[in-house]
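Scroll down for the structure; my scribbles are underneath it.
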Amino acid sequence: MVIVNTFVFVQSRLGLAQDETALALAAFGGGSMLVALVLPRLLDRMPDRPVMLASVCILVAGLIATAFVQSYEGLLVVWLVIGLGYSGAQTPSGRLLRRSSPAQDRPSLFAAQFALSHACWLLTYPLAGWLGAKIGLPSTALVLCAIAVAGLVLAAWLWPASSDDGQAGILN
């Protein structure tokens, strides 16, 4: 939603300029960076699973809020929130993959994760643009939210809570 539709939100819907578009993207990036800087200390005290799943919940809340954004200031706040959730869900993935496999399997596992993430983006980026043009930005945000919720439910179901001891990963 952020990468594909920020321009549409800022310049088409709100009638603002390129500078405001850049600042909106910076709000998302700022949220992402803030979490990335805090995560090492947080993950020293908490297991990856609750941090990552809670982060997806934050991202979902941001997508729901996107459907109701009426102002530039509101968009900045929502993009910051989505950046927080996005980074909290994505940044620990390397730790998770490393912990989930023996050293000899890691190159293949990281390559598979890279391919899977990009396949998901290959589907959702055009979907975000196409739906934005066909059904509008609020409805698009809710469709993408439904996809994120499906991913959250799937992750919570497939990733055993017993792996929270920090010793096992998602594949163990």
Side-chain angles (χ1 to χ4, degrees), residues 1-6 9-10 20-66 69 73-125 128 141 144-172:
M1 189 69 190
V2 172
I3 302 299
V4 174
N5 288 316
T6 297
F9 256 112
V10 174
E20 287 83 7
T21 303
L23 288 173
L25 289 168
F28 171 78
S32 293
M33 288 174 37
L34 179 65
V35 167
L37 293 170
V38 170
L39 270 176
R41 288 186 303 273
L42 180 63
L43 292 172
D44 283 343
R45 295 189 314 262
M46 293 183 68
D48 294 357
R49 185 177 189 273
V51 170
M52 293 174 79
L53 295 178
S55 294
V56 176
C57 291
I58 292 168
L59 188 137
V60 164
L63 285 170
I64 292 169
T66 300
V69 168
E73 294 77 14
L75 182 69
L76 293 178
V77 170
V78 169
W79 267 204
L80 178 85
V81 168
I82 291 175
L84 296 169
Y86 178 82
S87 185
Q90 292 293 319
T91 303
S93 64
R95 286 168 39 111
L96 177 62
L97 293 174
R98 190 177 65 250
R99 208 173 44 245
S100 297
S101 63
Q104 68 270 16
D105 293 341
R106 287 187 192 134
S108 297
L109 185 58
F110 275 89
Q113 189 275 338
F114 180 86
L116 179 59
S117 68
H118 284 71
C120 292
W121 292 338
L122 181 64
L123 296 173
T124 55
Y125 277 39
L144 294 174
C145 179
I147 292 169
V149 168
L152 173 64
V153 168
L154 192 61
W157 178 56
L158 291 174
W159 187 356
S162 62
S163 69
D164 284 349
D165 63 3
Q167 301 304 310
I170 195 168
L171 300 177
N172 291 40

- Within a strict 4.5 Å, meaning less than it, do heavy atoms of the Thr66 and Asn5 side chains meet? no
- For the student: nearest non-hydrogen atoms of Leu109 and Leu97, plus distance: CD2-O, 3.5 Å
- Task: Work out which heavy atom in Ala148 is nearest to a heavy atom in Leu59; give both atom names and the distance.
- Result: CB-CD2, 4.2 Å
- Query: Leu154: what forms a side-chain contact (heavy atoms from CB on, under 4.5 Å) with it, not counting sequence neighbours?
  - Reply: Trp157, Leu158
- Compare every heavy atom of Leu63 with every heavy atom of Ala141, then report the nearest pair and how far apart it is. CB-O, 3.5 Å
- Residue list, side-chain contact (heavy atoms from CB on, under 4.5 Å) with Ala24, at least two apart or on another chain: Thr6, Val10, Tyr72, Leu75, Leu76, Trp79
- Could you give all pairs that pass the ring pair (Phe, Tyr, Trp, His ring centres under 6.0 Å) test and reach residues 42-63, with sequence neighbours left out? none
- Closest heavy-atom pair, Leu84 versus Leu34, reported as atoms and distance to 0.1 Å, is CD2-CD2, 4.0 Å
- Does Val4 have any side-chain contact (heavy atoms from CB on, under 4.5 Å) partners at least two apart in sequence or in another chain, and if so, which? Tyr125, Ala128
- Task: Would you mind listing every ring pair (Phe, Tyr, Trp, His ring centres under 6.0 Å) that reaches into residues 35-59, with sequence neighbours excluded?
- Result: none
- Item | Pairs flagged by side chain to side chain donor-acceptor pair (under 3.5 Å) wherever residues 21-35 is involved - sequence neighbours left out | Gln11-Thr21
- residues 23-56 vs ring pair (Phe, Tyr, Trp, His ring centres under 6.0 Å), sequence neighbours excluded, gives Phe28-Tyr86
Could you tabulate the donor-acceptor pairs under 3.5 Å formed by side-chain atoms of residues 89-96, not counting sequence neighbours?
from: Thr91; atom 1: OG1; to: Ser87; atom 2: O; distance (Å): 2.8
from: Thr91; atom 1: OG1; to: Ser87; atom 2: OG; distance (Å): 3.0
from: Ser93; atom 1: OG; to: Gln90; atom 2: O; distance (Å): 2.8
from: Arg95; atom 1: NE; to: Asp48; atom 2: OD1; distance (Å): 3.3
from: Arg95; atom 1: NH2; to: Asp48; atom 2: OD1; distance (Å): 2.7

- Excluding sequence neighbours, so at least two apart, what forms side-chain contact (heavy atoms from CB on, under 4.5 Å) with Leu42? Leu39, Arg45, Met46, Val51
- Message: Show the nearest heavy-atom pair for residues Ile64 and Cys145, with the distance to one decimal.
- Response: CG1-SG, 3.5 Å
- Which residue pairs satisfy the ring pair (Phe, Tyr, Trp, His ring centres under 6.0 Å) criterion with at least one member in residues 30-61, sequence neighbours excluded? none
- Task: Give the minimum heavy-atom separation between Trp159 and Arg49, together with the two atoms involved.
- Result: O-NE, 2.8 Å
- Item | side chain to side chain donor-acceptor pair (under 3.5 Å) contacts touching residues 105-122 (sequence neighbours left out) | none
